[in-house]
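Following: one structure in structure tokens, then a few remarks.
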2 protein chains.
Amino acid sequence: MQAETPTLDDVARLAGVSANTASRVVRNKGSIAAATRERVHAAIDTLGYVPNRAAGSLASSSSMIIGVILPSLSNIVFPEVLRGIHAGLAGTPYQPMIGVTDYDLGKEQQLISSLLAWQPAAIITTGFDHTDSARRMLEGSGIRVGELMDIDGTPIDIAVGLSHRMAGKAMARRLIERGYTKVGYVGHDWTDDRRANARYLGLCEGLAEAGHTLAAEERGHDASSTRAGRAALAKLLAQDVKLDAVAFSNDDMAVGGFMHCLAGEISVPNELALMGFNGLEIGQSLPKPLSTILSNRFAIGKTAVELLLQAGRSSDPQIIDTGFSLLDGATT
Amino acid sequence: MQAETPTLDDVARLAGVSANTASRVVRNKGSIAAATRERVHAAIDTLGYVPNRAAGSLASSSSMIIGVILPSLSNIVFPEVLRGIHAGLAGTPYQPMIGVTDYDLGKEQQLISSLLAWQPAAIITTGFDHTDSARRMLEGSGIRVGELMDIDGTPIDIAVGLSHRMAGKAMARRLIERGYTKVGYVGHDWTDDRRANARYLGLCEGLAEAGHTLAAEERGHDASSTRAGRAALAKLLAQDVKLDAVAFSNDDMAVGGFMHCLAGEISVPNELALMGFNGLEIGQSLPKPLSTILSNRFAIGKTAVELLLQAGRSSDPQIIDTGFSLLDGATT
DNA sequence: TTCTTTTATCTCAGCGCTAACATTATCTCT
DNA sequence: AGAGATAATGTTAGCGCTGAGATAAAAGAA
């Protein structure tokens, strides 16, 4: 088909300018005469020139890559963050390069190292937990770093997210407000998920402030899923502690719990109130919309990208609280 | 912190070899004396050397990037394919660079162009529909190309997926088998989603083979979601055609339909049978597991990557059928 | 032993682009 | 009109790595 991929030199020759001028037109940098710009663009079109990013990156020691490190893809939450990142990147020449850690800090470190090999413009990861080595790499790289989802900590550069402790507390307050006092908790395995843990602690704190404590709890040994939520609620209720409400580690688990109630003919919220976290679409489509707390995943991703692309790293870290809101629902 | 990022030259100097030898050790290519290899590795460790991918790509005119183009991230299906891709890439030096088209072939073409600027090792996209220009770029690039999800077409290089027509037919057969004859259809807006369309056609074909036709249908104007499914089923039933079963365009829609039945006290499957497509976890956690067809998303992604990394592009295209299986469920 | 093959390494040029500086033409201000 | 600023372009030297071929040392074959 096409003989050879055309290079900037080919474009420059056809347009009758130097390679550097052509490069400046492509990058829209420096001052260029309108006529020259047009001729170069015409040459680009006729040749179908596409810049070689590797060469550009090498020469400038910086690339149009945004490294994105996510803990998981199994849960719809992170794809939604990714969607926000994409939205923020739309119309820019940046491309996301993604990695998945499975909540393993060692893998994260490895990913950071291999992403830095591309000299990305920025790296986006989650939370404040990193290995020492990973933190050093991120700090030393000088590039912009976004730590998403959480804001209860000290960011390397910027953090965008919400306070999971506060969200947990808000769950507690909501339940108390509605008159529930015998509150149980159902969680997935969050040994590696600091944020779920923070919500749990916030919940306990909120209950304590009202003079209560968790009446019972059940934590599975699996990742969060509707299946796991269903099973865990069954187990919790089998403990035979009298409960009037259950708080779940997230909506997936809560939806599972709702399914258990449906199957077992437990009336929600009369016999048992349910509360989740995340505000997933599925929870709002249940026969009774799930009472939950909306985390703004899409906004987190989008906001982070926009801020990261705005300017170079500033001296002091920045925290952006994207907040959360209570979804009233009908399960409490 | 670290003075300067160490280069291959630094490693070579410390190990007392030439840069090229060091490079060969890093890439594990050519024959190297065991002692040399060790010395180089030691040097790499002490310096904390990380290869500059941009330089490598430029010199070799090929990169360790796998371009991944997905139609959407809103539906859990594609993140699962991506998960499969990740799984297949684990332990290799390849990194996925992803783009999202929102089912827009123009955007796909643009993404292909900008991904090719990185000289990726392979490009993975979905389906057989591409603009002429996109197809030409993919063919002309000479790199390996994976077209995922569908197998009813002629691939550029390899296609990995399942026959959506056959899946639709299987839905029809299943419903007929169970004695349902007044079958309705609920779909999302699939003007840009050829595969949902193919399943619809397969369904009609399957019904026709048994001497039946679709008794009623309702197609929304939104993307698929539980909410949309719930609303669309309500609308379908309002048509006041006597139905004994409804086939949905996918599980999200079907779960929404199930919710409608729960809320409206329509007994499933006695009064109305429901059937979905995809085999999502949520469907299997309903009080009555959803009857559906399992598409092997994870396997599609993983298989594709494994095949693409195996060797260069062969002369003739290849089709890999990852198949589908019926999940019996309790809603038919 | 001498010639050939194999193994292990080195030298050198260059991938396609951009940063930095040099140069020329065009203004602006006194 | 001459000095200095500004705009528009050109020249040069790499960025850090890899491919191709050259070379030297070790091993086998005749």
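Side chains included, hydrogens not; waters and symmetry mates left out as well; all remaining heavy atoms used. Labels below follow one simple rule: chain letters A, B, ... track the order of the sequence lines, proteins then strands, and each chain is numbered from 1.
Between the two ends of the helix from C/dT1-D/dA30 to C/dT30-D/dA1, each summarised by a five-pair axis, the helix axis turns through 30° (rounded to 10 degrees).
The CD1 atom of A/Ile32 sits 9 Å away from the C1' atom of D/dT9 (whole-angstrom rounding). One interatomic measurement links the two molecules: CZ of B/Arg24 to P of D/dG19, which rounds to 11 Å at whole-angstrom precision. Atom CG in B/Asp10 sits roughly 11 Å away from atom C1' in D/dG16 (whole-Å rounding).
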Note to self: Show, in sequence, the C-alpha distance, side-chain angles and deciding distance for B/Ser60 and B/Ser62, and conclude whether the side chain to side chain donor-acceptor pair (under 3.5 Å) test is met.
What the structure shows: CA-CA 5 Å; B/Ser60 65; B/Ser62 74; 3.3 Å; yes
What donor-acceptor contacts under 3.5 angstrom involve side-chain atoms of residues 73-85 of chain B, with partners at least two apart or in another chain?
unit_1: B/Asn75; atom_1: OD1; unit_2: B/Val77; atom_2: N; d: 2.9
unit_1: B/Asn75; atom_1: ND2; unit_2: B/Asp252; atom_2: OD2; d: 3.4
unit_1: B/Glu80; atom_1: OE1; unit_2: B/Arg297; atom_2: NE; d: 3.0
unit_1: B/Glu80; atom_1: OE1; unit_2: B/Arg297; atom_2: NH2; d: 2.7

Could you pull out every donor-acceptor pair under 3.5 Å between side chains of residues 28-36 of chain B and any protein atom, sequence neighbours left out?
none

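Exactly one residue among A/Glu147, A/Arg135, A/Gln109 makes a side chain to side chain donor-acceptor pair (under 3.5 Å) with A/His130. That residue is A/Glu147.
Mapped onto DNA chain C by nearest heavy atom, B/Thr21 and B/Ala55 fall at different nucleotides, with B/Thr21 at the one closer to the 5' end. Each of A/Arg37 and A/Ser61 lies near DNA chain D, and the nucleotide nearest A/Arg37 is the one positioned closer to the 5' end.
A close approach under 4.0 Å does occur between a side-chain nitrogen or oxygen of A/Ser18 and OP1 or OP2 of D/dG10. Taking side-chain N and O atoms only, B/Lys29 has a distance below 4.0 Å to OP1 or OP2 of D/dG19. Contact annotation: A/Thr36 reaches the phosphate of D/dT9 (side-chain N/O to OP1 or OP2, under 4.0 Å).
Here A/Arg27 lies in heavy-atom contact (under 4.0 Å) with sugar-phosphate atoms only. Using a 4.0 Å heavy-atom criterion, one finds that B/Leu58 contacts the bases of the nucleic acid, with or without backbone contacts as well.
Atom CG of residue B/Leu89 and atom OH of residue B/Tyr94 lie 9.0 Å apart, to the nearest 0.5 angstrom. Distance check, rounded to the nearest 0.5 Å: CG of A/Leu138 to CD1 of A/Ile143 gives 7.0 Å. Between B/His86 atom NE2 and A/Ser72 atom OG the span is 11.0 Å, to the nearest 0.5 Å. Rounding to the nearest 0.5 angstrom, the gap separating the CD1 atom in B/Ile65 from the CE atom in B/Met97 is 4.0 Å. Rounded to the nearest 0.5 angstrom, A/Gln110 CD and A/Ile69 CD1 are separated by 11.0 Å.
Reading DNA chain C from its 5' end, the first and the last nucleotide to sit under 4.0 Å from a heavy atom of chain A are C/dG16 to C/dA20.
Nearest heavy atom pair, residue A/Ser63 against residue A/Pro120, reads OG-CA, 3.4 Å.
Looking only at side-chain heavy atoms (C-beta outward), A/Val145 and A/Ile158 stay at 4.5 Å or farther from each other. Taking the side chain as every heavy atom from C-beta outward, B/Glu108 and B/Leu111 never approach each other to under 4.5 Å. Considering only heavy atoms from C-beta on, B/Val100 comes within 4.5 Å of B/Asp102 through its side chain.
Only B/Tyr49, B/Pro51, B/Asn52, listed by number, bring a heavy atom of residues 40-52 of chain B to less than 4.0 angstrom from any atom of DNA chain D.
Side-chain to base pairing of A/Asn20 with D/dT11: one donor and one acceptor N or O lie within less than 3.5 Å of each other.
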Scoring nucleotides 22-29 of chain D by protein non-hydrogen atoms under 4.0 Å (B base, S sugar-phosphate only, - none) yields --------
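Ion pairing of A/Arg194 with A/Asp150 is absent here, as no side-chain N (NZ or NE/NH1/NH2) approaches a carboxylate O to less than 4.0 Å.
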